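Quick caveat: nothing in here was measured; it's all calculated off a predicted structure.
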Amino acid sequence: MSFKIGNIEIKNKIVMAPMAGISDASYMKICEEMGVGFAITELISSEAIIRNNKKTFDMLNGLDTLNIPVAVQLFGSNPDVMAKAAMILVNSYKVKLIDINMGCPVPKVALRANAGSALLKDVNKVYDMVKKVVESVNVPVTVKIRSGWDSNSINAVEVAKAIEKAGASAITVHPRTRKEGYSGKADWSIIKKVKENVNIPVIGNGDIKKKEDVERMLKETNCDAVMIGRALLGNPWLIKNSINYLEGKKEVEVSIKERIATVKKHLNYLVEFKGEKIAALEIRNHIAWYFKGISFSNIIKNKVYQTSNIHDIINILNEFEEGNYE
């Protein structure tokens, strides 16, 4: 089940997607414990890196505690700035892989910063940026793209060829256009076309909701690995069950006690990497996701959102574990 990105061995075909506000070291550690093979951080501003912005560098806290390969994802519109930021990350922070974001559809990135998926409109700039980043570092560089800017400019294959020619070690394809955002249906045939036209590993992404989808994407597109994003919110067990499914093993049933134990572990990691104040705020959304669809989840969610004190949150979880909400 393993594959290689450059000289780095990835132990299986399950990849954690870069998700803003989600893909930090704390949740990566949870996903690592579930068996994920490779993870990518949320997008990080190349401009902020070269300006030595403390808040931006704080986003990297805890990455050095992970044992799986992790790529730091950079976004920006200036190839020279991107290259300089990549060099800072690799030389000063011992980052093992760099990922270039060419897929983010949000207006703040794509329209105002002319970065993310906006780069897909200029294949020459794509090539220039990837080449400069690759030449600036001695670690593998990967790139995440979409199918194109809009339905009139589906150019994923052309972009992928330019990325490979520029020296990237892998490509992730999310087969929706920038205009589609996260709506509609991901067109997996585009992943297949990209895979047929490049020789570097291709990671497929989009509409992975259950373990069966992982196997189906691998078979339908022949991609080298599958990236899971929003389906992991509150459900890191999807990683373990996807791996088990591919290996012909039984599905893992998740008890309430295990969910609570995982939330507590996640909270501890947040405290370790971000401090109690931020941890108490950030765990709230995660708790809503972890217990979604479970009896009494609304009671827990409402109680948690009424406090910003970590000890209150732990007490709420303990009460739930002891059955005091039944």
Legend entry - Under 3.5 Å donor-acceptor, Ser23 side chain and Ala17 backbone: yes
Inset, instruction - Would you please name every residue forming a side chain to side chain contact (heavy atoms under 4.5 Å, CB included) with Asn155, sequence neighbours left out? - result: Leu120, Val123, Glu158, Val159
Inset, instruction - Would you please name every residue forming a ring-ring contact (aromatic ring centres under 6.0 Å, His included) with Tyr93, sequence neighbours left out? - result: Phe57
Legend entry - Test item: Ile200 and Ser169 side chains (from C-beta on) under 4.5 Å apart, heavy atoms: no
Inset, instruction - Mind checking salt bridge (charged side-chain N to carboxylate O under 4.0 Å, His left out) for Glu253 and listing every partner two or more places apart, or none if nothing turns up? - result: none
Legend entry - Residues which pass side-chain hydrogen bond (donor to acceptor under 3.5 Å, both in side chains) with Asn53, listed by chain and number, not counting sequence neighbours: Thr56
Legend entry - Exceeds 12 heavy-atom contacts within 6.0 angstrom, atom NZ of Lys179: no
Legend entry - Heavy-atom side-chain proximity of Val126 to Ile145 below 4.5 angstrom: no
Legend entry - From Ile203 atom CD1 to Ile10 atom CD1, the distance as rounded to the nearest 0.5 Å: 7.5 Å
Inset, instruction - Compare all side-chain heavy atoms of Asn222 with those of Lys192 and state whether any distance is below 4.5 angstrom. - result: no
Inset, instruction - Check for a donor-acceptor pair, side chain of Tyr27 on one end and backbone N or O of Leu232 on the other, with a separation under 3.5 Å. - result: yes
Inset, instruction - Kindly work out whether a path of hydrophobic side-chain contacts (I/L/V/M/F/W/Y, heavy atoms less than 4.5 Å apart) joins Met1 to Leu238. - result: yes
Legend entry - side chain to side chain contact (heavy atoms under 4.5 Å, CB included) partners for Ala71, two or more places apart: Phe38, Ile40, Leu97, Asp99
Legend entry - Salt bridge flag under 4.0 Å for residues Lys195 and Asp224: yes
Inset, instruction - Inspect the contact between Arg216 and Glu212 and indicate whether a charged nitrogen and a carboxylate oxygen are less than 4.0 angstrom apart. - result: no
Legend entry - Ion pair Arg176/Asp207, N-O distance below 4.0 Å: yes
Legend entry - salt bridge (charged side-chain N to carboxylate O under 4.0 Å, His left out) partners for Lys219, two or more places apart: Glu215
Legend entry - Over all atoms of both residues, closest heavy-atom pair of Arg259 and Gly234: NH1-O, 3.6 Å
Legend entry - Any residue meeting side-chain hydrogen bond (donor to acceptor under 3.5 Å, both in side chains) with Ser46, in chain and number order, not counting sequence neighbours: none
Inset, instruction - Return yes if some donor-acceptor pair links the side-chain N/O of Asn244 with the main-chain N/O of Glu251 below 3.5 Å, else return no. - result: no
Legend entry - Test item: Asp213 side-chain N/O and Lys210 main-chain N/O as donor-acceptor pair under 3.5 Å: yes
Inset, instruction - Under the side chain to side chain contact (heavy atoms under 4.5 Å, CB included) rule, collect the residues that match up with Ile256, sequence neighbours excluded. - result: Ile260, Ile294, Phe320
Legend entry - Sequence neighbours excluded - side-chain hydrogen bond (donor to acceptor under 3.5 Å, both in side chains) pairs with any residue from residues 4-17: Ser2-Glu9
Legend entry - From CD1 (Ile313) to OH (Tyr305), nearest 0.5 Å: 10.0 Å
Inset, instruction - Could you tell me whether the side chain of Ser117 and the main chain of Met102 form a donor-acceptor pair under 3.5 Å? - result: no
Inset, instruction - Please answer whether the main-chain N or O of Ala115 pairs with a side-chain N or O of Ser77 as donor and acceptor at a distance below 3.5 Å. - result: no
Inset, instruction - Carefully, step by step, assess Asp122 and Tyr127 under the rule side chain to side chain donor-acceptor pair (under 3.5 Å). - result: CA-CA 9 Å; Asp122 187 344; Tyr127 174 81; over 6 Å; no
Legend entry - Lys144 vs Asn101 side-chain heavy atoms within contact, under 4.5 Å: no
Legend entry - Geometric class of the Tyr290/His266 ring pair [parallel <30°, tilted 30-60°, perpendicular >60°]: perpendicular
Inset, instruction - Carefully, step by step, assess Glu321 and Lys264 under the rule salt bridge (Lys or Arg N to Asp or Glu O under 4.0 Å). - result: CA-CA 11 Å; Glu321 189 171 19; Lys264 287 179 178 178; 3.3 Å; yes
Inset, instruction - Mark yes when over 12 heavy atoms from residues, nucleotides or ligands other than Lys274 sit less than 6.0 Å from its NZ; otherwise mark no. - result: yes
Inset, instruction - Using the six-membered ring of Tyr182, assess whether NZ or CZ of Arg146 lies under 6.0 Å from its centre and within 45 degrees of the ring axis. - result: yes
Legend entry - Leu63 versus Ala25, closest heavy-atom pair with distance: N-CB, 3.7 Å
Legend entry - Those residues that, when tested against Glu33, pass salt bridge (charged side-chain N to carboxylate O under 4.0 Å, His left out) (two or more places apart): Lys265
Inset, instruction - Report yes or no: do Ile98 and Met59 belong to one cluster of Ile/Leu/Val/Met/Phe/Trp/Tyr joined by side chain heavy-atom distances under 4.5 Å? - result: yes
Legend entry - Cluster overlap Met129 with Val141, hydrophobic side-chain contacts below 4.5 Å: yes
Legend entry - With sequence neighbours excluded, residues passing salt bridge (charged side-chain N to carboxylate O under 4.0 Å, His left out) with Lys161: none
Legend entry - Under the side chain to side chain contact (heavy atoms under 4.5 Å, CB included) test, residues paired with Lys132 that sit two or more places apart: Pro79, Asp80, Ala83, Asp128
